[in-house]
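Have a look at the structure below before the remarks.
Counting starts at 1 for both ligands and their atoms, in listed order.
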Amino acid sequence: MGSDAIIPFHRPWRAERETAYVLEALGLARRQGGGPFTRGCHALLQAQLGAPVLLTQSCTSALEFAALLLGIGPGDEVIVPSYTFSSTATAFANRGAKLVFVDVDPATQNIDPRWIAPAVTQRTRAIVAMHYGGIACDMPAIEQIAAAHGAVLIEDAAQAVGARAPDGRALGAMGALGALSFHDTKNVSSGEGGALVIGDATLAARAEIMWEKGTDRSKFIRGEIDKYTWVDLGSSFLPSEITAAMLKAHLEEAPTINAARLAVWNCYHDAFAALEQAGWLHRPFAPPGAMHNAHLYYLVLNDGSARDALRAHLKGAGVETTTHYAPLHQSAAGRRFGRVASPMVSAERAGEQLLRLPLWPGLSEAEVARVIAGVRGFFEGRGSE
Ligand SMILES: *Cc1c(COP(=O)(O)O)cnc(C)c1O
């Protein structure tokens with residue numbers, strides 16, 4: 001590869017054992033979900049999270065599963081950050097609930113607890129905390145508000161697999177329910193995939209039934225009953241053994257993957273400190289003690305045109321970058337299915353001024369240096385803001 005080859009924004013990880021495991025799954029007598037690879041993934045995730053887990057076909061389906069399991073429906077309100085992926089909201093809109101959008105904290109792009117309490121009404125059923133870039137939301141503050149108002153706390157931990165909060169708790173396992181993503185663009189991946197984490201043990205029995213299309217098939221498989229029947233609502237959430245086989249290979253390598261990502265993240269973070277000091281940009285903020293998983297690295301520029309100009313400059317230098325969310329409250333569906341419950345200064349700022357840099361394990365030191373040189377080159381000769 002030449003030194004000026006394009007540096008892609010993302011390159012999916014190839015786990016050492018993924019081919020062997022997938023071949024093994026193909027050779028199984030039964031390749032439907034719930035077999036040995038599914039059980040292996042459940043065990044690995046449960047050990048890390050300290051809560052039971054059910055694999056799903058995606059994080060989107062895990063969020064839909066959460067909405068179904070909590071019986072969220074018409075007349076209910078769900079508080080979500082505006083700066084997030086659409087699935088955080090769609091899962092609840094699909095059930096007929098009203099979304100209530102609040103702004104994010106400009107330091108982390110995570111839901112800002114200051115806006116949650118004022119957004120609560122008698123109809124509030126749930127609050128969704130999405131951990132942007134795998135950096136923990138201010139969970140103690142959000143938990144306090146949820147408890148005070150009797151709202152259920154759900155975590156969209158799509159980006160946070162392997163990350164922990166400053167108090168040591170695993171992200172995804174702090175709420176009543178948590179949703180993980182194993183999409184190709186996430187740290188740990190099976191192409192498409194996800195999981196529902198069941199933090200509230202009282203939901204576990206019903207979750208197992210809904211996972212098996214509303215039947216008590218899991219009890220049947222364990223030999224607890226001699227035939228299974230339809231007993232509740234549910235859907236087809238579980239992935240096949242082939243997907244679970246790939247996931248198991250990635251989960252086993254998760255510490256390696258996250259350590260490699262963290263090394264790149266730290267390089268960027270050190271390199272851009274001076275530009276932040278000079279007033280040109282803001283770097284991500286990780287609260288002291290937050291054990292994040294380096295899911296992404298971004299810069300927030302001082303205005304939208306600077307962001308777009310930096311993006312064009314880096315493209316010219318062979319560095320692929322990407323923006324992120326268009327705030328949900330401004331989208332067509334957001335306006336239809338939600339309402340705005342706070343000022344939206346920070347969500348709109350992130351929508352216009354945030355740029356994500358290439359970050360994947362296997363990005364070489366030379367490539368990281370080229371990205372850094374590209375960003376520095378853009379600001380060269382500009383002094384300070
Ligand atoms: C990736 C992502 C999702 C969706 O995950 P899928 O597994 O692709 O359904 C949901 N929420 C957030 C915050 C995400 O980053």
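Given atom 12 (C) of ligand 1, the protein heavy atom at minimum distance is Ala158 CB, 3.4 Å. Scanning the protein for heavy atoms near atom 9 (O) of ligand 1, the closest one is Thr60 OG1, 2.5 Å. Atom 8 (O) of ligand 1 has as its closest protein heavy atom His183 CD2, 3.6 Å. For atom 15 (O) of ligand 1, the nearest protein heavy atom (residue, atom name, distance) is Gln159 NE2, 2.9 Å. Shortest contact from atom 2 (C) of ligand 1 to any protein heavy atom: Lys186 NZ, 2.9 Å.
Evaluated by nearest non-hydrogen atom to atom 3 (C) of ligand 1, the leading choice among Phe182, Phe85, Tyr325, Tyr132 is Phe85.
Looking at Cys59 next to ligand 1, an N or O pair under 3.5 Å apart turns up. Residue-to-ligand polar distances keep Glu192 apart from ligand 1: every N/O pair is separated by 3.5 Å or more. Between Ser61 and ligand 1, no pair of N/O atoms sits closer than 3.5 Å.
The minimum heavy-atom distance linking Pro255 with Leu251 is given by the pair CD-O, 4.1 Å. Minimum interatomic distance between Leu55 and Cys41 (heavy atoms only, all atoms of both residues): CD1-CB, 3.9 Å. Listed here is the closest heavy atom pair of Val104 and Ser346: O-CB, 3.2 Å.
For Asn110 and Asp138, the side-chain atoms include no donor-acceptor pair closer than 3.5 Å. Side-chain contact of Asp103 with Ser342: a donor-acceptor pair under 3.5 Å is absent, judged by distance alone.
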Item to complete: Evaluate the criterion side-chain contact (heavy atoms from CB on, under 4.5 Å) for residue pair Asn302 and Leu281; output intermediate values, then yes/no.
Response: CA-CA 6 Å; Asn302 289 338; Leu281 49 77; 5.7 Å; no
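A perpendicular orientation is assigned to the rings of Tyr297 and His269, their planes being inclined by more than 60° (bins at 30° and 60°).
Residue-level proximity to ligand 1 for Asp156 is carried by the side chain, the only part with a heavy atom below 4.0 angstrom. Of the heavy atoms in Tyr83, none comes closer than 4.0 Å to ligand 1. Under 4.0 Å from ligand 1, heavy atoms of Ser58 appear from its side chain as well as its backbone.
At a threshold of 4.0 Å, the pair Arg283-Glu276 counts as salt-bridged, since one of the basic side-chain nitrogens sits closer than that to a carboxylate oxygen.
Heavy-atom separations between Gly193 and ligand 1 include at least one value shorter than 4.0 Å.
Shown in contact with Met130 at under 4.0 Å from a heavy atom are these atoms of ligand 1, numbered in order with element: 13 (C).
In the displayed structure, Lys213 atom NZ is contacted under 6.0 Å by more than 12 heavy atoms of other residues, nucleotides or ligands.
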